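Here's the structure we're looking at; comments come further down.
Since we're looking at a predicted model, the values are computed, not measured.
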Amino acid sequence: MRTVRASGPILDVSEDPKKVISDFLGYAFSLKKLSGRPSAEELAERFSPKGSGMTIQDTFVAYRAEEPDDVPPEFTETAPVDLKKELWVLTRLHFGKPSTSALVEGQELRHLIQEALKLRATS
C-alpha cells in the first residue's frame, strides 16, 4: 500500500511517479475552501464506496469507475480492469495536452486520505 509524507506544504505519495495521487490530495483538501465543510467530513462522504468524487473544472477529476468505458484506455491496453473492485480514477487535466491518470482501489484511496488528514493535523 502506498504511503503519504509531508514535503513542506506538499503531500507526497509513494509509488506515484506522475504525481497524480499527490495532486489529488492537494486538490481534495482545497475543497474545504469552496464548501466550508471540515475536510475529514467532506472527503469521507465524497470518497465513500457510493461517493460522488470531485470535479475541479478544467483542473482535476476523481470518480468511481463503474463501467469499462469509465477507465482510461491506457489502463486497459494490456488487460481488462476488474470492476468488481471499487476503483477510482484520478485524472489531472491538461489544457491542450493528454490528461494524466491514476487508478486507486477505494480502500487504499481512503487510507491515503486518512494518512493525509493526520499529517495536516500535525502540521
Val4 vs Leu112, side-chain contact (heavy atoms from CB on, under 4.5 Å): CA-CA, chis, key distance, verdict: CA-CA 6 Å; Val4 180; Leu112 294 170; 3.5 Å; yes
Trace of the side-chain contact (heavy atoms from CB on, under 4.5 Å) decision for Val61 with Leu90: CA-CA 6 Å; Val61 63; Leu90 311 177; over 6 Å; no
Considering all heavy atoms, the nearest [X]-[Y] contact:
{"X": "Ser101", "Y": "Phe75", "result": "O-CZ, 3.4 Å"}
{"X": "Phe60", "Y": "Val20", "result": "CZ-O, 3.7 Å"}
{"X": "Val89", "Y": "Asp70", "result": "CG2-O, 3.7 Å"}
{"X": "Lys19", "Y": "Val13", "result": "NZ-O, 4.4 Å"}
{"X": "Phe29", "Y": "Ala116", "result": "CE1-CB, 3.5 Å"}
{"X": "Ala6", "Y": "Leu119", "result": "N-CD1, 3.7 Å"}

Rounded to the nearest 0.5 Å, what separates atom [atom1] in [X] from atom [atom2] in [Y]?
{"X": "Ile113", "Y": "Leu11", "atom1": "CD1", "atom2": "CG", "result": "11.5 Å"}
{"X": "Glu41", "Y": "Arg46", "atom1": "CD", "atom2": "CZ", "result": "11.5 Å"}
{"X": "Ser30", "Y": "Leu25", "atom1": "OG", "atom2": "CG", "result": "11.0 Å"}
{"X": "Ile56", "Y": "Asp23", "atom1": "CD1", "atom2": "CG", "result": "10.5 Å"}
{"X": "Met54", "Y": "Thr59", "atom1": "CE", "atom2": "OG1", "result": "9.5 Å"}
{"X": "Leu43", "Y": "Leu117", "atom1": "CG", "atom2": "CG", "result": "6.0 Å"}

Gln107, CD atom: more than 12 neighbouring heavy atoms under 6.0 Å: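 It does not: Gln107 CD has 12 such atoms or fewer within range.
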Crowding at NZ, Lys32 (>12 non-hydrogen neighbours, <6.0 Å):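 No, the 6.0 Å shell around NZ holds no more than 12 heavy atoms from other groups.
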With the threshold set at 4.0 Å, does a side-chain nitrogen-carboxylate oxygen contact exist between [X] and [Y]?
{"X": "Glu86", "Y": "Arg110", "result": "yes"}
{"X": "Glu45", "Y": "Arg37", "result": "yes"}
{"X": "Arg2", "Y": "Glu15", "result": "no"}

Ser7 side chain vs Ile10 backbone, donor-acceptor pair below 3.5 Å: no
Backbone of Thr100 reached by a side-chain donor or acceptor of Arg92 within 3.5 Å: no
The single option from Glu105, His111, Glu115 passing side chain to side chain contact (heavy atoms under 4.5 Å, CB included) against Met1: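 Only one of Glu105, His111, Glu115 forms a side chain to side chain contact (heavy atoms under 4.5 Å, CB included) with Met1, namely His111.
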Are [Y] and [X] linked, directly or through intermediate hydrophobic residues, by side-chain heavy-atom contacts shorter than 4.5 Å (ILVMFWY only)?
{"X": "Val104", "Y": "Leu83", "value": "no"}
{"X": "Leu103", "Y": "Tyr63", "value": "yes"}
{"X": "Leu31", "Y": "Tyr27", "value": "yes"}

Flag side-chain contact, heavy atom, 4.5 Å: Asp58 against Leu93: no
side-chain hydrogen bond (donor to acceptor under 3.5 Å, both in side chains) partners for Ser14, two or more places apart: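 side-chain hydrogen bond (donor to acceptor under 3.5 Å, both in side chains) list for Ser14, sorted by chain: Thr3.
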Side-chain donor-acceptor contact under 3.5 Å, Ser99 with His94: no
Polar side chain donor-acceptor pair, Ser22 to Asp16, under 3.5 angstrom: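 Asp16 and Ser22 do have a side-chain donor-acceptor pair below 3.5 Å.
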Mutual orientation of the aromatic rings belonging to Phe47 and Phe24 [parallel < 30°, tilted 30-60°, perpendicular > 60°]: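 Geometry flag for Phe24 against Phe47: perpendicular rings.
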